[in-house]
K.L.:
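Take a look at this one; I'll ask things after.
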Amino acid sequence: MTTRVLQGRMLTTAGWLDGELHLDDNGRIAAIDGRLAGAGEPVRYLLPGFIDLHVHGGGGVDIMQGGSAVSHVGRTHARFGTTSLLATTMTAPRAELERVLAALGQHSTVRATGSARVLGVHLEGPYINPGKLGAQPDDAVAAVMAEIDYYRSLAPLKVLTLAPEIAGHHAVIRRLSEDGIRVQLGHTLGSYEEGVAALQQGASGFTHLFNAMTALHHREPGMVGAALAHAEYAELIPDLLHVHPGAMHAALRAIPRLYCVTDSTAAAGMPDGEYRLGSHTVTKCMGGVRLPDGTLAGSTLTMDQALRNLVQIGLPLAQASNRLSLYPADYLGVADRGRLETGAWADIVVMDPQLAVQQVFVEGECLELANA
């Protein structure tokens, strides 16, 4: 078996090492040969590939278009260091969700050349509070387990977002958590007490923390208070538009394994203009994506910029990297991604000292970034 060798400062499970990373022909890390990193600036960094658990689109394409949209989205985000992701749906009528999930089930079984690996689906809605839609279409319904089981037969469902205060949702949380699906609380008008109760039933995370949920007040802590007081995991959008850096720091101190997502739309990686987000038309301008009424509607964020933003607000690079790779992998229970160690998938982002992407490897495949 032949091996390829990458050299640089590596963020391994043993910490920073200067040396060589050996890749085998099967797309795995064959060996790591290095010494403790020195004090000088490295020529380049070798980081675990980014894992984005909330992706609606990219490169002008929306996941809800179905068909081969997910492959196009996967290729777009791979250019920016995302080596695996969850294709994320929007709230929609059942017939539309059936169509999209059937397509996702078909196209997520095999990784397209040049694309990030699609680990499964994040079903964001329709089981949300119609009073806290955010940018979700107005098609919210209460969850019915038989319907969710049908959706699961169409595509690999890994994460489901719901509003815990809706009648019947506690039973859904219990059942899904028993089956290993991560239930997240989001798009919710629920109270602190309802958030805590949902965690006790098996909910494991919070969808885009702070956004589209009841805010923290010192006499009514809300859903944000439940997350800050009790969560082990939660996702956060670090585009510096959705959440103020001060609130980000509060969450980073309170939630041990807070991880970051893009919540990216079709506008990610594209120029300003109009794009599709589910059944909505949204506009990209001034670095954000908004509905006609000004409501933030997902983001244009890519994971390499998320890393730079975290470093910009003061996180050490290793800590920032963990929140984009290791923690989301652990949240899903994926032990062979999100880390540089022998036997793990060779999902690697090569960055220069200014944290610009130089190369991306997905399962050992070196992507052609210039031609993407």
K.L.:
Can you say whether the rings of Tyr331 and Tyr233 are parallel (under 30°), tilted (30 to 60°) or perpendicular (over 60°)?
P.N.:
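Answer is tilted, since the angle falls between 30° and 60°.
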
K.L.:
Would you call Arg75-Glu368 a salt bridge at under 4.0 Å N-O?
P.N.:
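No salt bridge links Arg75 with Glu368.
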
K.L.:
Measure across Leu101 and Ala155 and return the closest heavy-atom pair with its distance rounded to 0.1 Å.
P.N.:
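Shortest heavy-atom contact: O-CB, 3.4 Å.
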
K.L.:
Decide if the gap between the ring center of Tyr259 and the ring center of His54 is smaller than 6.0 angstrom.
P.N.:
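Not close enough - the centres of the two rings lie 6.0 Å or further apart.
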
K.L.:
If you round to the nearest 0.5 Å, how far is CG of Leu97 from CG of Asp139?
P.N.:
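Separation between the atoms: 8.5 Å.
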
K.L.:
Measuring from Leu160:CG to Ile148:CD1, what's the distance to the nearest 0.5 Å?
P.N.:
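Atom-to-atom, Leu160:CG and Ile148:CD1 are 5.5 Å apart.
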
K.L.:
Is the number of heavy atoms from other residues, nucleotides or ligands within 6.0 Å of CD (Glu220) greater than 12?
P.N.:
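Open.
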
K.L.:
Does the pair Asp352/Arg44 count as a salt bridge with the N-to-O cut at 4.0 Å?
P.N.:
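Between Arg44 and Asp352 there is no salt bridge, as every charged N stays at least 4.0 Å from the carboxylate O atoms.
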
K.L.:
Just by modelled atom types, is the Ala267 backbone N or O under 3.5 Å from a matching donor or acceptor in the Thr300 side chain?
P.N.:
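No: the side chain of Thr300 does not pair with the backbone of Ala267.
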
K.L.:
Tell me the closest heavy-atom pair linking Leu53 and His122, and the distance in Å.
P.N.:
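So the two residues come closest at O-ND1, 3.1 Å.
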
K.L.:
Where the side chain of Ser108 meets the backbone of Leu104, is there a donor-acceptor pair that is under 3.5 Å apart?
P.N.:
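Flag set: sc Ser108 to bb Leu104 pair under 3.5 Å.
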
K.L.:
Just how far is it from atom OG of Ser321 to atom CG of Leu340, taken to the nearest 0.5 Å?
P.N.:
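Interatomic distance, Ser321 OG to Leu340 CG, rounded to 0.5 Å: 8.0 Å.
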
K.L.:
Main chain of Gly49, side chain of Ser325: is a donor-acceptor contact present, judged purely on distance under 3.5 Å?
P.N.:
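It does hold such a pair.
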
K.L.:
Any side-chain heavy-atom pair from Gln359 and Cys366 closer than 4.5 angstrom?
P.N.:
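Yes; the side chains approach each other to less than 4.5 Å.
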
K.L.:
Which heavy atom of Ala268 sits nearest a heavy atom of Gly57, and at what distance?
P.N.:
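Shortest heavy-atom separation between Ala268 and Gly57 comes out as CB-O, 4.4 Å.
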
K.L.:
Quick one: are Tyr327 and Leu258 in side-chain contact, heavy atoms under 4.5 Å?
P.N.:
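Result no, sub-4.5 Å side-chain heavy-atom pair not found.
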
K.L.:
Could you tell me whether a side-chain N or O of Arg28 sits under 3.5 Å from a main-chain N or O of Gly343, the two making a donor and an acceptor?
P.N.:
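Here the side-chain-to-backbone pair exists.
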
K.L.:
Quick check for you: to the nearest 0.5 Å, what is the distance between Asp149 atom CG and Leu154 atom CG?
P.N.:
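Those atoms lie 11.0 Å apart.
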
K.L.:
With distance as the sole test, does Arg111 use its side chain to make a donor-acceptor pair with the main-chain N or O of Ser115 at under 3.5 Å?
P.N.:
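Here the side-chain-to-backbone pair exists.
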
K.L.:
Say whether, by atom type as modelled, one donor and one acceptor occur between the side chain of Arg99 and the main chain of Met64 under 3.5 angstrom.
P.N.:
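Yes; at least one donor-acceptor contact below 3.5 Å.
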
K.L.:
Please say yes or no: joined through hydrophobic side-chain contacts below 4.5 Å, possibly via intermediate residues, are Val357 and Val55 part of one cluster?
P.N.:
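Hydrophobic grouping puts Val357 with Val55.
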
K.L.:
Do the side chains of His107 and Val118 get nearer than 4.5 Å, heavy atoms only?
P.N.:
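Side chain of Val118 against side chain of His107, heavy atoms only: no contact under 4.5 Å found.
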
K.L.:
Between the main-chain N or O of Leu86 and the side-chain N or O of Thr88, is there a donor-acceptor pair closer than 3.5 Å?
P.N.:
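Yes, because the side chain of Thr88 sits within donor-acceptor range (under 3.5 Å) of the backbone of Leu86.
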
K.L.:
Surrounding NE2 of His249 (heavy atoms of other residues, nucleotides or ligands, distance under 6.0 Å), is the total greater than 12?
P.N.:
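Count over threshold, so yes.
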
K.L.:
Can we call the ring centroids of Trp345 and Phe361 under 6.0 Å apart?
P.N.:
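They do not qualify: ring centres at least 6.0 Å apart.
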
K.L.:
Run the salt-bridge test on Asp179 and Arg152 with the 4.0 Å N-O cut-off and return the result as yes or no.
P.N.:
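The answer is yes: the pair qualifies as a salt bridge.
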
K.L.:
Which atom names give the shortest non-hydrogen contact between Leu307 and Phe50, and what distance separates them?
P.N.:
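Closest approach of Leu307 to Phe50: CD2-CZ, 4.1 Å.
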
K.L.:
Please step through side-chain hydrogen bond (donor to acceptor under 3.5 Å, both in side chains) for the pair Gln201 and Ser177, ending with a clear verdict.
P.N.:
CA-CA 8 Å; Gln201 296 298 320; Ser177 63; over 6 Å; no

K.L.:
Any donor-acceptor pair under 3.5 Å linking the side-chain atoms of His56 with those of Asp263?
P.N.:
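Checked: Asp263/His56 side chains pair up, N/O donor to acceptor below 3.5 Å.
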
K.L.:
For residues Ala78 and Leu367, report the shortest heavy-atom separation together with the two atoms involved.
P.N.:
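So the minimum-distance heavy-atom pair works out to CB-CD1, 3.3 Å.
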
K.L.:
With side-chain contact (heavy atoms from CB on, under 4.5 Å) as the criterion, how do Leu324 and Leu47 come out once you've worked through the C-alpha distance, each side chain's angles and the decisive distance to 0.1 Å?
P.N.:
CA-CA 10 Å; Leu324 300 177; Leu47 301 178; over 6 Å; no

K.L.:
Nearest 0.5 angstrom please: His170 NE2 to Glu165 CD, how far?
P.N.:
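Answer rounded to 0.5 Å: 9.0 Å.
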
K.L.:
Looking at CG of Asp347 and CD1 of Ile29, how far apart are the two atoms once the value is rounded to the nearest 0.5 Å?
P.N.:
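Atom-to-atom, Asp347:CG and Ile29:CD1 are 8.0 Å apart.
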
K.L.:
When you check the gap from the basic side-chain N to the acidic O, do Arg94 and Glu98 get nearer than 4.0 Å?
P.N.:
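Counted as a salt bridge, because a side-chain N and a carboxylate O are separated by less than 4.0 Å.
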
K.L.:
Would you sort out whether His242 and Ser299 count as a side-chain hydrogen bond (donor to acceptor under 3.5 Å, both in side chains), showing the intermediate values?
P.N.:
CA-CA 9 Å; His242 278 78; Ser299 84; 5.7 Å; no

K.L.:
Give a yes or no on whether Leu315 and Met351 share a hydrophobic cluster (residues Ile, Leu, Val, Met, Phe, Trp, Tyr; joining criterion: side-chain heavy atoms under 4.5 Å apart).
P.N.:
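Result: yes, single cluster for both.
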
K.L.:
Determine whether Ile51 and Val334 satisfy the following criterion, side-chain contact (heavy atoms from CB on, under 4.5 Å), listing intermediate values before the conclusion.
P.N.:
CA-CA 11 Å; Ile51 300 175; Val334 177; 6.0 Å; no

K.L.:
Treat each ILVMFWY residue as a node, draw an edge where side-chain heavy atoms are under 4.5 Å apart, and state whether Val43 and Val350 are in one component.
P.N.:
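The answer is no; the residues belong to distinct hydrophobic clusters.
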
K.L.:
Could you check if a side-chain atom of Leu162 sits within less than 4.5 angstrom of a side-chain atom of Leu185, using non-hydrogen atoms only?
P.N.:
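Answer yes - side chains close enough.
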
K.L.:
Which atom names give the shortest non-hydrogen contact between Glu341 and Arg339, and what distance separates them?
P.N.:
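Looking at all heavy atoms of both residues, the closest pair is OE2-CD, 3.5 Å.
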
K.L.:
If you group Ile, Leu, Val, Met, Phe, Trp and Tyr by side-chain heavy-atom gaps below 4.5 Å, do Leu199 and Ile173 land in one group?
P.N.:
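Same cluster.
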
K.L.:
Test of understanding: clusters of I, L, V, M, F, W, Y form through side-chain heavy atoms closer than 4.5 Å, transitively. Do Leu241 and Tyr275 belong to the same one?
P.N.:
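No, no single cluster joins them.
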
K.L.:
Answer yes or no: is there a donor N or O on one side and an acceptor on the other, between the side chain of His72 and the main chain of Gly59, under 3.5 Å?
P.N.:
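Indeed, once roles are kept as given, a pair shorter than 3.5 Å links the two residues.
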
K.L.:
Using modelled atom types and a 3.5 Å cut-off, is there a donor and acceptor pairing between side-chain atoms of His187 and backbone atoms of Asn129?
P.N.:
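No, the answer is negative, given that no donor and acceptor are paired below the 3.5 Å cut-off.
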
K.L.:
Report the C-alpha separation of Glu235 and His208 in whole Å, then their side-chain angles, then the decisive distance to 0.1 Å, and conclude whether the side-chain contact (heavy atoms from CB on, under 4.5 Å) test is met.
P.N.:
CA-CA 5 Å; Glu235 58 168 65; His208 41 55; 4.1 Å; yes

K.L.:
Between His280 and Val282 (side chain of the first, backbone of the second, donor and acceptor by atom type, cut-off under 3.5 Å), is there such a pair?
P.N.:
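A pair under 3.5 Å: no.
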
